[in-house]
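Scroll down for the structure; my scribbles are underneath it.
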Number of protein chains: 4
Amino acid sequence: MQSRSSASRATGRPRSAAADAAILEATRAALVELGWSKLTLGDVATRAGVAKTTLYRRWAGKNELVVDAVAELFDELELPDSGSLAADIEGVVLQFAAILDRPEAKSGLMAVVAESTHDGALRARIRASIVDRQKRLVLEGRAHAQARGELPPEEDPGTAARAVDLIFDVVAGAVLHRTLVSAEPVTEDWACRLAQILLQGLPETTPPPPG
Amino acid sequence: MQSRSSASRATGRPRSAAADAAILEATRAALVELGWSKLTLGDVATRAGVAKTTLYRRWAGKNELVVDAVAELFDELELPDSGSLAADIEGVVLQFAAILDRPEAKSGLMAVVAESTHDGALRARIRASIVDRQKRLVLEGRAHAQARGELPPEEDPGTAARAVDLIFDVVAGAVLHRTLVSAEPVTEDWACRLAQILLQGLPETTPPPPG
Amino acid sequence: MQSRSSASRATGRPRSAAADAAILEATRAALVELGWSKLTLGDVATRAGVAKTTLYRRWAGKNELVVDAVAELFDELELPDSGSLAADIEGVVLQFAAILDRPEAKSGLMAVVAESTHDGALRARIRASIVDRQKRLVLEGRAHAQARGELPPEEDPGTAARAVDLIFDVVAGAVLHRTLVSAEPVTEDWACRLAQILLQGLPETTPPPPG
Amino acid sequence: MQSRSSASRATGRPRSAAADAAILEATRAALVELGWSKLTLGDVATRAGVAKTTLYRRWAGKNELVVDAVAELFDELELPDSGSLAADIEGVVLQFAAILDRPEAKSGLMAVVAESTHDGALRARIRASIVDRQKRLVLEGRAHAQARGELPPEEDPGTAARAVDLIFDVVAGAVLHRTLVSAEPVTEDWACRLAQILLQGLPETTPPPPG
DNA sequence: TACTAACCGAGACGGTACGTCAGGTCTTAGC
DNA sequence: GCTAAGACCTGACGTACCGTCTCGGTTAGTA
């Protein structure tokens with residue numbers, strides 16, 4: 001986060017650890033009520049019961065603060081080991097959708113992404129704090145599926161890494177688009193149909209009735 | 001857009017049609033240079049050679065203006081009739097990625113989406129101006145594929161509509177996530193692999209039937 | 001006002017004479033309700049049922065318009081021939097005070113005077129339309145007093161003119177200051193005591209002759 | 001002026017004392033150059049090297065600011081103890097006229113008076129800051145004259161107070177009207193003749209030649 | 001226990017942009 | 001060629017936040 005460099009000061013009053021938590025929590029609360037554009041750092045400071053100075057001493061600005069506040073939300077995600085790849089995908093999709101459905105995640109995440117298009121440092125911070133952290137889910141899911149024999153073992157490490165990225169973009173992107181752009185709910189049915197496409201492709205979308 | 005109601009005024013000086021175009025163009029230019037958060041309406045007005053009041057007379061605020069400015073970008077999209085469903089998908093994906101790669105689209109689109117999470121009217125405007133307008137591509141693509149025999153004819157209209165929405169979320173979402181969140185380029189290779197997943201599913205080497 | 005030059009146009013639609021009166025009346029009404037600084041020409045136009053263009057075609061701006069609107073008020077003044085100089089003075093003072101007590105006169109007059117300190121043309125217009133027009137009262141009053149034998153006949157015309165100006169400044173100034181700066185009412189008693197000072201000077205109990 | 005209430009804040013950064021002086025000085029300078037109606041608070045702030053917000057933090061608006069800026073001018077006035085009532089009056093009249101001749105006093109004073117006709121709080125502020133402060137001159141002058149035996153000692157306190165107000169209105173009003181409305185200079189001769197009227201009344205304006 | 005350095009709150013500071021409003025000009029259509 | 005209507009450009013308004021700064025006061029952790 002913003003850890004003082006290791007070889008740093010030992011003297012003087014230490015920073016209040018409680019303040020950090022209060023500020024991030026206040027940031028999320030403000031995002032819920034006001035959304036990104038009407039969120040002001042002065043207001044966050046007030047909500048957190050903290051001086052504006054304290055806030056600026058720890059974060060460079062609104063963007064950095066919101067990235068940290070939002071990143072915490074995604075750490076809740078975990079892969080359910082449900083016995084089949086399809087069920088694993090469905091489970092993660094529903095969890096991810098549940099987080100994205102929270103207003104603080106919605107407006108916070110999209111806004112920092114928008115800002116990151118003009119700010120390389122912010123982009124890196126987002127990748128490090130949010131995106132790359134959650135790729136672990138795809139990796140774990142694939143490992144489980146391979147153990148079950150649902151997926152073949154990977155041959156080339158390069159190919160495998162590219163596949164992970166692609167899957168992540170498809171799954172996360174679909175949920176993101178459904179939730180934020182289309183602004184439609186992610187239901188169990190939808191998650192099931194998404195998993196089906198991923199595993200079987202389009203032509204089977206409407207399989208012929210057996211018999 | 002903001003057409004005066006049909007049964008409207010005949011008197012007074014009419015609005016300059018050129019101003020609209022100049023303002024939208026200036027908005028895109030400002031998005032490129034400054035990004036969403038540093039874009040100011042005063043600056044847009046100056047670039048467009050127009051008074052700030054003229055701008056406010058026609059749009060309610062930054063959000064509405066940017067939606068209109070960005071929406072125009074997506075009207076360039078068209079479905080290539082390339083002979084196979086896979087090639088059609090790949091073509092559209094590349095076109096969509098090319099638009100999303102433009103800085104004005106990137107920051108503009110994400111920002112208004114972020115704002116729309118707290119503004120129902122804005123959400124509706126985005127859907128009407130951007131999302132629903134482009135679903136035509138999925139519809140056309142399916143029709144072509146059905147004509148070619150690559151996809152079965154649809155049975156139930158409800159099921160079919162839900163499928164269109166799903167496909168749209170998956171394709172648009174994947175490109176969006178790749179471009180903006182992962183911040184990686186959409187190459188021909190990537191588009192090809194995406195199309196492959198959509199048509200055949202994940203297990204490239206079809207899994208052995210359980211038994 | 002801004003009379004078209006005598007040898008002027010005969011073609012086209014003639015200007016509405018009623019509009020002039022309506023505009024000046026509307027100006028006074030707006031002065032009453034809003035005061036000078038919040039009076040707007042657009043509002044005056046609306047009140048008068050006239051387009052803003054019409055207003056600007058006839059007056060150069062707010063200042064000129066208000067001078068004309070206020071000047072009309074002072075034309076009501078007339079010298080009462082009440083039989084004695086003291087009573088004449090008292091009568092004029094009360095009349096003048098009554099006019100100055102009207103809100104449109106108060107704020108209008110002071111404001112244009114304030115503006116005139118930076119605008120010679122406006123200063124001239126005020127003198128011509130308001131100040132010099134009312135000096136007639138002093139002249140008439142003196143003539144009556146001389147006829148009655150209360151004042152000696154004037155010897156030198158220059159001295160006499162200077163005396164008129166002085167009296168006018170003293171009387172009008174006293175009422176003005178009382179009404180606007182001190183913001184106290186001009187009562188009959190006050191007017192009487194003012195007349196007394198003018199005629200007899202300060203030491204009510206005549207000072208003992210020196211020596 | 002705008003002193004924080006005595007039992008007030010001890011925390012936070014204290015207000016810059018220098019800013020107050022710079023702002024009032026800048027206000028007077030702007031009044032000289034631009035006059036009341038073209039004076040803008042933004043311009044005053046710029047001249048004073050101060051942010052607009054600082055200005056609004058201390059004064060409620062243009063009116064209040066100008067009252068304070070102008071009031072300082074009148075504090076220069078002082079009663080000359082010149083040995084006779086006539087000479088005292090003449091001296092004060094000339095001093096007062098000298099101040100009123102300054103453009104910042106002219107336009108500033110008249111404008112706030114005009115505004116005060118629609119604003120009771122402003123009227124009170126003017127009285128407190130300007131009018132009542134200068135009545136001291138009349139009081140001192142009368143005391144001196146009584147000490148010299150030129151005026152009888154006052155009998156009734158009420159009568160005396162009313163007399164002070166009247167004298168003040170007459171003297172200040174005459175100078176005001178001469179300077180601003182008539183727009184003529186106050187010369188020594190004029191001041192002398194004004195003093196004469198006050199002391200001896202009108203009929204003596206042109207005394208019969210002795211003998 | 002006392003020192004002391006860094007922390008903390010409050011809030012004023014110079015700025016920038018906001019969205020609104022009035023001033024004046026202009027461009028229509030209609031009389 | 002006037003009129004009403006209203007769009008136009010300009011520029012000031014008063015407000016809200018920004019990020020910085022200067023205060024007085026607090027709070028560990030040594031010395």
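DNA chain E is contacted by both A:A48 and B:L39; A:A48 maps to the nucleotide lying nearer its 5′ end (nearest heavy atom per residue). Ranked by how close their nearest DNA chain F nucleotide is to the 5' end, D:K38 and A:A60 are led by D:K38. Mapped onto DNA chain E by nearest heavy atom, C:G42 and D:A19 fall at different nucleotides, with D:A19 at the one closer to the 5' end. Remark on DNA chain F: of its neighbouring residues D:T53 and B:A17, the 5'-side contact belongs to B:A17, judged by nearest-heavy-atom nucleotide.
Put simply, CG on C:L65 is 14 Å from C1' on E:dG23, counting in whole angstrom units. If you take CH2 of B:W59 and P of F:dA7, they are 14 Å apart, rounded to a whole angstrom. Here the C1' atom of nucleotide F:dC8 and the CG atom of B:D20 are 14 Å apart, to the nearest Å. The distance between atom CG of C:D43 and atom P of E:dT20, rounded to the nearest whole Å, is 20 Å. When the P atom of F:dC13 is taken as reference, atom CG of D:L41 falls 5 Å away, rounded to whole Å. C:I23 places its CD1 atom 14 Å from the P atom of F:dC2, with the value rounded to the nearest Å. Atom P of nucleotide F:dT3 and atom CG of C:L55 are separated by 11 Å, given to the nearest angstrom. One interatomic measurement links the two molecules: CZ of B:R47 to C1' of E:dA17, which rounds to 15 Å at whole-angstrom precision.
At the phosphate of F:dT26, neither OP1 nor OP2 sits under 4.0 Å from any side-chain N or O atom of A:R13. OP1 and OP2 of F:dA7 both lie 4.0 Å or more from every side-chain N or O belonging to B:S16. Put simply, B:R57 has a side-chain N or O that comes within less than 4.0 Å of OP1 or OP2 on F:dC8. The phosphate of F:dC2 (OP1 or OP2) has no side-chain N or O of C:R58 nearer than 4.0 angstrom. Note on D:T11: every side-chain N or O is 4.0 Å or more away from OP1 and OP2 of F:dG24.
Contact between D:E115 and D:L122 at its shortest, heavy atoms only, is CB-CD2, 3.6 Å.
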Could you go step by step and tell me if D:D119 and D:R123 meet the salt bridge (charged side-chain N to carboxylate O under 4.0 Å, His left out) rule?
CA-CA 6 Å; D:D119 181 346; D:R123 197 156 51 234; over 6 Å; no
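The side-chain heavy atoms of C:R125 and C:D68, taken from C-beta on, include a pair separated by under 4.5 Å. Under the 4.5 Å side-chain criterion, counting only non-hydrogen atoms from C-beta, D:L65 is in contact with D:L24.
Among the atoms of the strands shown, only primed sugar atoms or phosphate atoms (P, OP1, OP2) are found under 4.0 Å from some heavy atom of C:G49.
No N or O donor and acceptor, one from the side chain of C:K52 and one from the base of F:dG6, sit under 3.5 Å apart.
Distance alone, capped at 3.5 Å, is enough to place a donor-acceptor pair between the B:T46 side chain and the B:G42 backbone.
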